[in-house]
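Below: the structure, in structure tokens.
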Amino acid sequence: MGIIPVPRVAVVVVAAGSGTRLSAGAPKAFVGIDDRSVLRHALDGVARAPLAQVVVVVPAGREGDARTEADAAFGDRSELVTVVVGGDTRQRSVAAGLRALWADVETVLIHDAARALTPPAVFERVIAEVERTGAGVVPARPVVDTLKRVAGADVEAAVDRAPLVAAQTPQGFPRALLDRAYADATADYTDDTALVAASGHPIRTVDGDDLSFKITTPADLERARHLLRPIAPAASALPLVGIGTDVHAFGGDGPLRLAGLEWPRETGLRGHSDGDAVAHAIVDAVLAAAGLGDIGTHFGVDRPEYAGAAGIVFLQRVRQLVAEAGLAIGNVSVQVQANRPRFAPRRAEAEGVLTAALGAPVSVAATTTDGLGFTGAGEGVSATAVALVYRIR
Ligand code: CTP
Ligand code: MG
């Protein structure tokens with residue numbers, strides 16, 4: 001069969017039941033959990049388990065639907081999957097599946113499609129234990145409820161749950177053992193290890209999984225839906241926040257450049273660059289949020305190309321650095337503390353220039369400090385910015 005090696009393991013997925021207790025208007029295997037059916041989820045799990053021939057057993061008339069689900073789950077390995085029609089009991093459905101096994105198969109797992117969320121590791125454990133022991137193998141979970149033996153509504157006795165386990169699927173067997181037990185079976189059993197045990201063969205347990213619960217009732221289907229729903233945004237989807245401050249003293253050469261604007265009749269600020277404390281606070285806030293270091297990392301005195309550069313140039317470069325890191329800037333809020341210049345008349349203009357340079361909304365607020373501190377004394381300007389960035393890839 002093409003380039004796929006002939007598997008020594010087979011998984012029979014029984015999906016031919018009607019789903020009476022679920023009563024969802026369709027055979028249970030074809031009821032949707034999310035955008036995928038019970039059967040599709042079951043087959044997705046089998047497709048992630050070790051390589052095996054897969055026999056899907058479905059109600060008469062559903063062969064085409066099952067083929068579509070199998071092709072979607074197995075992709076270029078869909079030639080591993082055979083679809084057959086089941087019988088009117090689970091046991092007859094399993095028997096129909098066994099008749100479709102390939103000659104080379106030595107280990108057979110029987111799995112309920114209704115246990116749609118079974119993790120692939122359970123398949124691995126069952127296969128390993130069958131191959132190690134030659135016994136029948138059932139994945140099992142401890143019983144959690146306290147058990148009672150009853151007659152109608154009357155409790156007859158407490159039942160010690162310590163020696164009891166709940167049986168799940170896939171149940172695994174050496175193929176010859178299972179074929180013989182099925183050929184000899186004279187009664188109807190609810191699972192395959194019960195049938196094989198009745199013919200006198202040893203059965204071992206391995207750890208099952210809580211996710212292997214059987215979808216039987218509407219509440220079970222809700223549980224499966226809930227488990228598949230993402231419950232919280234991934235950490236990477238949370239926004240990242242950063243803070244930056246900057247201070248420059250008045251007394252530089254030339255006119256004041258602040259918040260991306262020139263202020264012709266105001267005293268300039270001293271600095272390696274143009275001393276634009278507002279732009280520099282924004283740079284630090286954005287870099288901090290993005291985890292990309294700080295202003296000195298990218299524009300320090302060891303970068304002579306930025307000597308005397310306008311704060312706007314820094315913002316344009318930061319925008320680029322953030323994009324290259326797979327991030328986008330949400331917004332920035334910056335507050336200036338200074339006696340001069342008076343921001344109110346030009347605030348909208350400043351916001352427009354900063355927003356255009358950064359490629360994200362920047363809001364600017366300004367305040368004086370009631371004559372206190374170096375800003376109150378008119379010695380310099382202080383700015384504080386908060387930035388939000390978020391991951392886009
Ligand atoms: N099954 C089967 N053929 C049957 C009956 C059951 O292949 N004649 C399969 C079901 O499709 C299911 C598994 O055996 O994957 C376990 O059976 P159960 O949970 O009882 O499913 P249903 O029989 O479909 O449900 P209900 O008993 O509520 O009708
Ligand atoms: Mg049933």
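Counting starts at 1 for both ligands and their atoms, in listed order.
- Take Y306 and apply the ring-ring contact (aromatic ring centres under 6.0 Å, His included) test, not counting sequence neighbours, and it matches F299, F314.
- Cluster partners of L22, by chain and number: V31, I33, V38, L117, L211, F213, I215, L221, L227, L228. The rule joins Ile, Leu, Val, Met, Phe, Trp and Tyr whenever side-chain heavy atoms lie under 4.5 Å apart.
- Applying the salt bridge (charged side-chain N to carboxylate O under 4.0 Å, His left out) rule to pairs touching residues 93-112 yields R8-E106, R90-D112, D112-R115, sequence neighbours excluded.
- For R340 and W263, the positive end is not near the middle of the six-membered ring at less than 6.0 Å and at most 45° from its axis.
- Side chain to side chain, S382 and H248 fail the donor-acceptor criterion of an N or O pair below 3.5 Å.
- The closest side-chain donor-acceptor pair between D294 and T297 falls under 3.5 angstrom.
- Using a heavy-atom distance under 4.0 Å as the criterion, the protein contacts of ligand 1 are V14, A15, A16, G17, S18, G19, T20, R21, K28, G87, D88, T89, R90, S93, D112, A113, A114, K214.
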